Amino acid sequence: MISLELPEAVEQTKQMMHSLATDVFRPISRKYDDKEHVYPEELEVFRGLVGGGKQKSKAMPENVEKGKKDKKPNYSNLTTVITIEELCWGDLGLMMTIPGAGLGNAAIAAVGTPEQKEKYGEKWAAMAITEPEAGSDSASVQTTAVLDGDEWVINGEKIFVTCADRCDVVVVWANIDPSVGKAGIKSFVVEKDTPGFKLEYLEHKLGIRASDTGTFVLKDCRVPRENLLGTAEISKKKSFGGVMQTFDNTRPTVAAMALGVSRAALEFTKEKMEEKGLTLDYEKSPNNLSAMEKDFYKMDAEIDAMRLLIWQAAAMADAGIRNSLQASMCKAKAGKIGTEITQKCCELLGPMGFSQEYLAEKWMRDVKITDIFEGTGQIQHLIVARQLLKLSSKELR
Amino acid sequence: MISLELPEAVEQTKQMMHSLATDVFRPISRKYDDKEHVYPEELEVFRGLVGGGKQKSKAMPENVEKGKKDKKPNYSNLTTVITIEELCWGDLGLMMTIPGAGLGNAAIAAVGTPEQKEKYGEKWAAMAITEPEAGSDSASVQTTAVLDGDEWVINGEKIFVTCADRCDVVVVWANIDPSVGKAGIKSFVVEKDTPGFKLEYLEHKLGIRASDTGTFVLKDCRVPRENLLGTAEISKKKSFGGVMQTFDNTRPTVAAMALGVSRAALEFTKEKMEEKGLTLDYEKSPNNLSAMEKDFYKMDAEIDAMRLLIWQAAAMADAGIRNSLQASMCKAKAGKIGTEITQKCCELLGPMGFSQEYLAEKWMRDVKITDIFEGTGQIQHLIVARQLLKLSSKELR
Amino acid sequence: MFSLEMSKEQKMIKDEVAKLVKNIVTDNANEMDEKREIPADGIQKAWELGASVSMVAEEFGGFGMEDSPITTALVLEELAYGDLAFAIQATLPSLVISPLVAMGTSEQQSKYLPLLCAEKYSAATLAINEATFGFDAVALDTRAEKKNGSYLITGEKCFVPLAETASCILVAAALEGKNQLFFVGKDNPGLKIGEKERNLGLNALETYKISLENCEIPAEDRLGGEQGCDYAKFLQKSRIGMAAIGTGLAKASYEFAMEYAKGRAQFGEPIVHKQSVAFMIAQMAYEVESMRLMTWNAASKLEAGKDAKREAYLAKFYTGEKTMYVTDCGVQLLGGHGYTREYPVERYYRNGRGISIIEGMATV
Amino acid sequence: MFSLEMSKEQKMIKDEVAKLVKNIVTDNANEMDEKREIPADGIQKAWELGASVSMVAEEFGGFGMEDSPITTALVLEELAYGDLAFAIQATLPSLVISPLVAMGTSEQQSKYLPLLCAEKYSAATLAINEATFGFDAVALDTRAEKKNGSYLITGEKCFVPLAETASCILVAAALEGKNQLFFVGKDNPGLKIGEKERNLGLNALETYKISLENCEIPAEDRLGGEQGCDYAKFLQKSRIGMAAIGTGLAKASYEFAMEYAKGRAQFGEPIVHKQSVAFMIAQMAYEVESMRLMTWNAASKLEAGKDAKREAYLAKFYTGEKTMYVTDCGVQLLGGHGYTREYPVERYYRNGRGISIIEGMATV
């Protein structure tokens, strides 16, 4: 039966995360925007608490793969997106740099062997996919890994690696057989101190400055054979698909980031409106409102629409239904609309939206990344359209 | 020197056209929306007065071709777009069915021989380009013309022919040598009573119902050899380009249609706002307005932007500067924004925007055609982008 | 509980309505629109499915089923997916039945429900819209005042469906600054049914202006009697209803345009291979999803016995804007063909403007 | 006359500014932004071109040229095309000079113009913005009242560029419900220069909060003397100025992003072969054109001696929205790279929000 009421337990998590966001993130939000590249030590309390190796694996429950439903409702994906919304309401950059909760951790938890999970489960693992000439084109990985005795020799360059400086290990995507194209792409756990593995530099960014983003160069970097995540076997059908599957599950979380940040901006704007005596009672015809009120309701409605699309994608994953379409839908919408909302809020706030005395301007900078990373809005629209129209990536490019 | 002040003579034309729109078009606007397919006899006063063969030719001044400037400023294109804006402020459908001012008349005036101009200059000439499977793809004309003795034998089907029922002759696009592709496309004057030339049916349309739109079937339709407009010689470089040139000049006029109709809607909305005591003084910060006022200013600004882009395209043509880019820019913007303005006005008008007691709902129906015919908004964006990026139609499809 | 999956019962009801729509609405909608008439037998068939009366107690002629705003939203979406005018006319009596069941006195229920819940469809209608600039369902110009134990209503209403044939009209009017609903009998000498209207869309739906001049209503015909009714609650339900039919309409335009686009080629290539076309389709798709989810979200609140003021308001606001957006795209995707009345996207475009403009044409 | 072609003189001036921008602004803008400082010699070079003083009479140190709002708009666009902070700082004195020339008493002109129109750039600034929610340049919170032959000003201003170093500050305040401008000397004990601000954008431009508490101003320091000044006219000119710099900024983002996109490939194909990318570029292009034409249209009204209230208002409103739109697209087209401070689109995005938010940072 259709019902959009949150279960008690989820509601409790939401409130807990909101408190964390309020008490831990907000007070240091500006500080680490200013101190780019400085590690926020205050986040040490989160190590192992939120989104750690084991917990993060909930975001990719095994029943998604199995395709059959458990009897007891599973809310793990729903809980994840709600957690992320609340934490990003606090601060997106800080959320992204919670120790031990890197994308690499998610990958290890999802496809690692028990030994790998044992060995790296407690380490902070970043993920290195993007390359200088590729952008959103995750299939065109040029980095290579060649087996030499009991070691993989990796060569290549990786950009836009989140937590590049702070992490302990990096999950690096490389191709073990370029002749078979993207089917040869595998991921490898590379420890930070491995010879030939160098953090080249850290980016200076528009926003999410609390999160460090860096470029790695791998030059004859040798890692033990067992550091390949999953199987070394090349299967044209599964391998790359398996890698991409990770994104079906991360897209709603990125959408939830956009939601959290833009909601923060809208709530701040609402506070200011109310202080000015504008009461929002959801009653009058939109034609009879002040411009501020109408703009507010428009954004408020968009926030709900974003959230519901995200919840839909999460609920499908929880129910073991393939959600690739819905995952891209929610990210396509949230990345764009979330960005527009923060921009509009700054406009409505006037000079207060331009000053760093308030966080609104920061949210406008932070949220923009959500329309870019893990596949730009344009890529998301392509994915959505291909599925709706049943077109291949060759037919609809 | 840059100046956007209208010359006295242009200003006078504008006022005259506005009077005609007010006095002649508006009073019968609803009548011929109801009486679809009935010829508006009231327009007979316009025959030969506005936009007739000779006057229409001003819209395509010869100096566009010559590429050099006359000493005395030429305002013929500017006057044309202003005329169209004003008349469409009155009624777009009626404007399109002014006797003797068909697109075919423009074509005859532009590329006809003196004999052709003499013979057909006074006749009402429609233009038949589009075919059932082609849409905006004017290059893919399937209709063929084969020379048999002193006659062209034409076979094909033409849809969306404006003034199909009312016109005297139709300028039909056909290919005389399909083996050379679009270079073989030529246009032919076909008289209405020619055997094998049949008006199949008239469309029932969303809007512009005062203008009749029909489908013609040509079955072994024979026209005299001299009815081919221009030269029968096939030149890969020029022929089709020459045909397309016509569109560079009609695109700003279509944009002006969107402008006239949407301005009508906005002015009506303004009247109602003022009756309700909302004064528009262009002063307060957009943040301190009522929602209606802000929506109004937004539309008012867009109207100006549309108009200025149109005037720019026209002024360039008047100055003998190639304006293909600007012509598509103004149509891309005006078709879309004009449509949105009429929709928004209906929304602001509330139940008055849904009732046929007022014309607002009609404008919302009428204006939509401007984002479709003579190349959809999508096609216009393509044309603009190709020119900016210097890409061929193969590279940017 | 959080779930976006229909129960078996919901699925069954939705499927049944979908079947009816497919059989008697979809292919006839154009003709109904052109002829400005909906055949009575089609309405009767929809009526027999019980959309308007399912939650009415059996003693009054209803099915005695639990009142489920979500199930009603599913039904409304499905009907509007077929045709908006049909959806409104088929469920029109519910605009009276629903507030009557929720807020009527037992006398009012006994008096009106059996008439309205008969086996044969009998039109009952709602007069809420007013043809004034700045019309607002919460700031009505139509006024009621109490005088000598009855109410005197004065005002002009527009867009009253089937006012001519309806057995009774529920009129919204402001009473001492508080909006209330009143049953106005068709024979009331203070009521004048005006001209039949012509509108941008919904041509198949007969609508009328009505005017009330010192129209005297017995005290017992104020909905809820002496203490009146909760008009805000009534608006919540009707706003969700509007959102539901907006969703159905937008879905119809989206699906038709997508299927058309799939089969269309231009410049030697299927047009859906173009990003501009494909992205438009993607956007239409997720806006239709958004609209439906907003509707469900508001209905779910009601179903859980909570207040849905915010969610209902936003659902109508959102679907109002997006229905126009999606139906505009529908015409655009068909190009010149979309501009003709040969294809349904033309009608969807005209009807699409109605969702934000008109109030109270459907209720959950 | 209607013409969109520059006169020879306009072309020459525009080219000269463009050369300056190319030589000393474009490549240094990122460093200026990161270091939060604009080198004085760059400002001095721009100053020597005379953008701020060209229309001032020669006796006061100006060039005695005809005042042409359109030519000024051309100059402002060109400067902002290089960098918005640079454009504002380089022309900052004109925010005082321009109203002074147009509306000052001859005593005021004699007193201030020679100081402001010296060969060396000397900062003079305007205090108009206020850090309150709902700030409106026509509804100022800062008040002036007349007392014992002088004016007492009280209020808080924000975003006052170079307040620390400026030789004088022109303060906007409401006097008996009418907005007026007042010269406030830096040594006035009622004036307090507050903290240096940090902002979303325009990092290279030093801005300050200032506060005035019963700040006493001699009667002769009210702009225009006893009868005051035409504040609405002043706003017209500054709104057109804002529109002009918005146009330049948007053009910079558009051009950079387009050039970048041309050279970028993805999935084995130049990204500009994708409609979504190409259409975005097309839209950016015609919005930049629109912004410029709206600016010219308003400036042309002034140049013809007509009122430009409507056109100036709409030009700022429009460019404010579209600058944000275009600069957002600029970042989007560069993707992840656009999000880094390695490319100027990042700065354009931050600066882009300023046009609608801030008032009076440029004037024609």
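Each chain gets a letter, A, B and so on, in the order its sequence line appears, and its residues count up from 1. Since the model is a prediction, treat every value here as computed from it, not as a measurement.
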Heavy-atom cut-off 4.5 Å, strictly under: side chain, backbone, both or neither for [X] against chain B?
X: D:Q236; value: neither
X: D:Y313; value: side chain
X: D:A285; value: both
X: D:K262; value: side chain
X: D:V138; value: side chain
X: D:I70; value: side chain
X: D:L235; value: neither
X: D:E259; value: neither
X: D:F317; value: side chain
X: D:K322; value: side chain
X: D:K306; value: side chain
X: D:A278; value: both

So for atom CD, which belongs to D:E66, do other residues, nucleotides or ligands contribute more than 12 heavy atoms lying within a distance under 6.0 Å?
no
When the ring centroid of B:Y297 is compared with that of B:Y282, is the distance short of 6.0 Å?
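Close enough - the centres of the two rings lie under 6.0 Å apart.
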Mind ranking D:E303, D:E311, D:K274, D:Q10 by heavy-atom pairs under 4.5 Å with chain B and telling me who comes out on top?
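Among D:E303, D:E311, D:K274, D:Q10, the one with the most close pairs to chain B is D:Q10.
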Of the listed residues (D:S7, D:S290, D:S3), which shares the most heavy-atom pairs with chain B below a 4.5 Å separation?
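It is D:S3.
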Below 4.5 Å, heavy atoms only, C-beta onward: do B:I369 and B:E374 meet side chain to side chain?
no
Would you say that B:L266 contacts B:D300 through its side chain, given a criterion of any heavy-atom pair below 4.5 Å between the two side chains?
yes
Between B:E302 and chain D, which part of the residue has a heavy atom less than 4.5 Å away: side chain, backbone, both or neither?
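For B:E302, heavy atoms of backbone and side chain both lie under 4.5 Å from chain D.
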Do D:K316 side-chain atoms and D:S356 backbone N/O form a donor-acceptor pair below 3.5 Å?
yes
Report, by ascending residue number, the residues of residues 306-315 of chain B in heavy-atom contact with chain D at a distance under 4.5 Å; give 'none' if the set is empty.
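Within residues 306-315 of chain B, the residues under 4.5 Å from chain D are B:L308, B:L309, B:W311, B:Q312, B:A315.
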Residue by residue, scan residues 389-397 of chain B and write down, ordered by number, those that have a heavy-atom distance under 4.5 Å to chain D; if none do, write 'none'.
B:L389, B:L391, B:E395, B:L396, B:R397
Test salt bridge (charged side-chain N to carboxylate O under 4.0 Å, His left out) on B:E267 and B:R263; report intermediate values, then the result.
CA-CA 6 Å; B:E267 285 185 6; B:R263 194 188 105 210; 2.9 Å; yes
As an exercise: rank [options] by heavy-atom pairs under 4.5 Å with chain D and give me the winner.
options: B:I2, B:L382, B:L78; answer: B:I2
options: B:A332, B:P7, B:A301, B:P286; answer: B:A301
options: B:M329, B:K333, B:Q378; answer: B:K333
options: B:N288, B:D281, B:N287; answer: B:N288

Pair D:T142-D:E130, side-chain donor/acceptor within less than 3.5 Å
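Result is yes, a qualifying pair exists.
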Measuring from atom CD of D:E287 to atom CE of D:M294, what distance do you get when rounded to the nearest 0.5 angstrom?
9.5 Å
From the list D:I358, D:I357, D:L140, D:D141, side-chain contact (heavy atoms from CB on, under 4.5 Å) partner of D:F135 resolves to D:L140
Are B:I82 and B:T13 close enough, and set up right, to give a side chain to side chain contact (heavy atoms under 4.5 Å, CB included), and what steps lead you there?
CA-CA 8 Å; B:I82 285 171; B:T13 305; 5.9 Å; no
